[in-house]
Peer 1: 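Please find one structure pasted underneath; my questions will follow.
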There are 2 protein chains.
Amino acid sequence: MTTRLSDIADEAGVSVMTVSNVMNGKRARVSPATIEKVLGIAARLGYVPNIPARSLAANSSHIVAALVPVGENNSLLVSPHTVAVVGGMETHLRHHGYHVLLRGIEHEDQVAQTIRGWSLDGVVLVEFPDEQIDRLRVDTVPLVAIDSYSANPRTIGVRSDDHGGGRLAGRRLADAGHRSVLFAGPPYQGMGVVGQRWAGFREACLEAGLDPDGVGSVEVLTSFEDGRRLGLRLRRDHPGVTAVFATADHLAVGIMAGIVEAGGSVPGDVSVIGFDDLDFARYTTPGLTTIAQNMPAKVAEASRIILDEIERGAAAGDREPVALDVHLVERGSVGPPRE
Amino acid sequence: MTTRLSDIADEAGVSVMTVSNVMNGKRARVSPATIEKVLGIAARLGYVPNIPARSLAANSSHIVAALVPVGENNSLLVSPHTVAVVGGMETHLRHHGYHVLLRGIEHEDQVAQTIRGWSLDGVVLVEFPDEQIDRLRVDTVPLVAIDSYSANPRTIGVRSDDHGGGRLAGRRLADAGHRSVLFAGPPYQGMGVVGQRWAGFREACLEAGLDPDGVGSVEVLTSFEDGRRLGLRLRRDHPGVTAVFATADHLAVGIMAGIVEAGGSVPGDVSVIGFDDLDFARYTTPGLTTIAQNMPAKVAEASRIILDEIERGAAAGDREPVALDVHLVERGSVGPPRE
DNA sequence: CTGAAAGCGCTAACAG
DNA sequence: CTGTTAGCGCTTTCAG
């Protein structure tokens, strides 16, 4: 029914190992004539390697798993950001003969279990909180953690320059003349993505001469709805504020909508600046001024590291985390302060 | 190092087979006492089954692949729609012990190759053109094709009621008083998704008494930019048109932007209606009136079918394709015709 | 209810 | 450059 190595070997009059070597590109060990004959027969018979068999024998699956924590409803988080990461990695890895297993993680232990059970060759952690990454103990496999600032030496962090992004936003607002600004982001612990952005933002504002009291922050979940609610109550709860920096475009767009719904205007009454440069940032009126991440570079870097580590075999060695550049995209939601 | 079935068997003083049966829930064949003992040891030793070994022996991997065609740049298409499908399927399948392999397909033949090579248990085709699905010859595995209208009896189509969605849009515009409307969608062949929407749209418009000359169509790629360009030249190229139905929200939002950029207003000068109800449909000004697909239901249905077919073993049997309900979401981009 | 034998298709390691 | 020998860890089959 399906063609096996032994079928090809029989027909070519060589051993199974020779065929295996040919099929795996270890051609240094085989004569050109044999190679050609084997390849010809393989093509004619429509040989397709059996991945499970290879994985079992070689104890390596050529699979890289994209692990994503599941939310309360047990369903996968599928933010545009996650999507870009997973989709992009698949492309890169496929071109190098690797495959992507997409898996939601319900409990921390499943990370190690998945690695062992599947003989994974590499792992990409997407959207994992740093505290969880800190706790991971895995040393058999390269582990890239997207957007992680964890100090866990077993993992390699790949993220954008969040601190620099925060600075860009702060400087932009300060340069426009704002003296009372607000940072809006989700609750966080330690110096993760959100902490970095806030620190950079604050730093740039203070450098530009803003009074510390003029640089506030507020905790909001990262959704359009939560942003909208913040926008609605902004004037009442933060009467002096003339500009808001939101850690996510979804949030920023919601804030804009709330402000307008409450009778204000953007950027007339309040300026808004976001983070991510998602596609819809240009669909709003005005367009959303935002800090753009270089997603293709982030994905390429993560893939490169994974493949690299797989090559040189396990033991990550002390590889430095990677921070990708960010830049400001001007669209119209930032203007001078009101009055 | 890693725990195997034989380790547990040794310690429990039973055979490997008994342990295997316990681990696979075939507990009818094992005495309660043995079950408990085995389970206890397995838990203590941290047993994790080896998936490749199981796949090889059982010739079945518990893997369902999500296959997505790759574009020109060889990278995965990751529309919000695809994302919802793949993410949602992962959730459902995970709860039933299955895993998701995400794979970009560069060439048709890779579909069959992937199925064989991985001993896949099921396949979901996402965003495949019907012509390609027509050509597939696979009879070993359940094959669900999302949004397909292919008549290929080996595949089971799961899609929204596109014809009904088109009708809803047509009726809405006709009811608002429009007499000259335009359908905007990508080039298509046969009666696929786009063809269905167009047919439904046209049908509803004619039923409502519009003149056939008043129901036009134009080919545009499905992107914000292409929509914007259409919006910009709308007044010149289609001077009498007072409403546009776009087959995708991305496109619709672009059209709105183009119209406004050209000095017109929505819905003052031109009404716009979209399809999909993506998250950003509410971020625009005005919000986009659109036909909403029931994505959770679509995903649930696709998962249910796959699991069902896997259970009853191959041979799809003549299962009817599934069409999910759609509904109109009113947001403000549709109004009465100008003048 | 339990076990022994055989083998899934492939590759590592070494010998020639 | 090529072949042989041993499995990888699990399940299927059939016999107790």
Side-chain angles (χ1 to χ4, degrees), chain A residues 1-39 42 45-63 97 113 115-121 140 313, chain B residues 1-39 42 45-63 97 113 115-121 140 313:
Chain A
M1 169 70 210
T2 84
T3 311
R4 289 157 304 185
L5 285 186
S6 60
D7 296 330
I8 301 176
D10 289 351
E11 191 158 335
V14 297
S15 81
V16 172
M17 266 324 291
T18 299
V19 181
S20 170
N21 283 138
V22 172
M23 300 313 291
N24 290 317
K26 310 196 170 165
R27 302 187 185 171
R29 321 177 155 193
V30 188
S31 75
T34 311
I35 291 180
E36 195 158 343
K37 180 160 36 156
V38 166
L39 250 25
L45 263 39
Y47 173 71
V48 179
N50 181 308
I51 312 274
R54 174 194 288 175
S55 303
L56 179 58
N59 190 31
S60 138
S61 58
H62 274 57
I63 298 180
Q113 285 170 14
I115 293 171
R116 274 176 39 203
W118 288 84
S119 307
L120 292 182
D121 284 358
T140 50
Chain B
M1 172 69 210
T2 84
T3 310
R4 289 157 305 185
L5 285 186
S6 60
D7 296 330
I8 300 176
D10 289 351
E11 192 159 334
V14 298
S15 80
V16 171
M17 264 326 291
T18 300
V19 181
S20 170
N21 283 138
V22 172
M23 299 314 289
N24 290 314
K26 309 195 171 166
R27 301 186 184 170
R29 319 177 157 193
V30 188
S31 75
T34 311
I35 291 181
E36 195 160 344
K37 181 164 29 163
V38 166
L39 251 26
L45 263 40
Y47 173 72
V48 179
N50 181 308
I51 313 275
R54 173 194 288 174
S55 303
L56 178 58
N59 190 31
S60 139
S61 57
H62 273 57
I63 297 179
Q113 285 170 15
I115 293 172
R116 272 177 38 202
W118 287 84
S119 307
L120 292 182
D121 284 359
T140 51

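Lettering of chains follows the sequences in order, A, B, ..., and the numbering in each one begins at 1.
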Peer 1: Grab the CG-P distance between A/Asn59 and C/dC10 for me, whole Å please.
Peer 2: 17 Å

Peer 1: As a test of reading the structure: which of D/dG9, C/dG9, C/dA12 is closest to the side chain of A/Arg4, going by heavy atoms?
Peer 2: C/dG9

Peer 1: Between A/Asp10 and A/Asp7, is there a donor-acceptor pair closer than 3.5 Å when you use the side chain of the first and the backbone of the second?
Peer 2: no

Peer 1: Just the rounded figure in Å: distance from P of C/dG9 to CE of A/Met17.
Peer 2: 17 Å

Peer 1: Check the distance between D/dC10's C1' and B/Asp7's CG and give it to me in whole angstrom.
Peer 2: 13 Å

Peer 1: Over how many whole Å does the gap from A/Trp118 atom CH2 to D/dC8 atom C1' extend?
Peer 2: 17 Å

Peer 1: If we ignore hydrogens and angles and just use 3.5 Å, is the side chain of B/Ser119 paired with the main-chain N or O of B/Asn59 as donor and acceptor?
Peer 2: no

Peer 1: Rounded to whole angstroms, how far apart are CG on B/Asn21 and P on D/dC10?
Peer 2: 13 Å

Peer 1: B/Thr18 or A/Arg54: which one's nearest nucleotide on DNA chain C is closer to the 5' end?
Peer 2: B/Thr18

Peer 1: Among C/dC8, D/dC8, D/dT4, which is the nearest nucleotide to the side chain of A/Leu56?
Peer 2: D/dC8

Peer 1: Expressed in angstrom and rounded to an integer, what is the separation of A/Lys37 atom NZ from D/dC1 atom P?
Peer 2: 15 Å

Peer 1: Rounded to whole angstrom units, what separation is found between the CD1 atom of A/Ile8 and the C1' atom of C/dG9?
Peer 2: 12 Å

Peer 1: From the set D/dG3, C/dG7, C/dC10, return the single nucleotide nearest to any side-chain atom of B/Ala57.
Peer 2: C/dG7

Peer 1: A/Ser15 side chain N/O closer than 4.0 Å to the phosphate oxygens (OP1, OP2) of D/dT2?
Peer 2: no

Peer 1: What residue among B/Val38, B/Thr3, B/Thr2 forms side-chain contact (heavy atoms from CB on, under 4.5 Å) with B/Tyr47?
Peer 2: B/Thr3

Peer 1: Donor-acceptor pair, distance only, cut-off 3.5 Å: does the side chain of B/Ser20 make one with the backbone of B/Val16?
Peer 2: no

Peer 1: The side chain of B/Val14 is closest to which nucleotide in this list: C/dG3, C/dC10, C/dT11?
Peer 2: C/dG3

Peer 1: Nearest of C/dC10, D/dC10, D/dT11 to any side-chain atom of B/Asn50?
Peer 2: D/dC10

Peer 1: So, does B/Tyr47 get its side chain near the phosphate of D/dC10, meaning an N or O under 4.0 Å from OP1 or OP2?
Peer 2: yes

Peer 1: How close or far is atom P of D/dC1 from atom CD of A/Glu36, stated in whole angstroms?
Peer 2: 15 Å

Peer 1: Do side-chain atoms of A/Ser60 reach the backbone of A/Asp121 as a donor and acceptor pair under 3.5 angstrom?
Peer 2: no

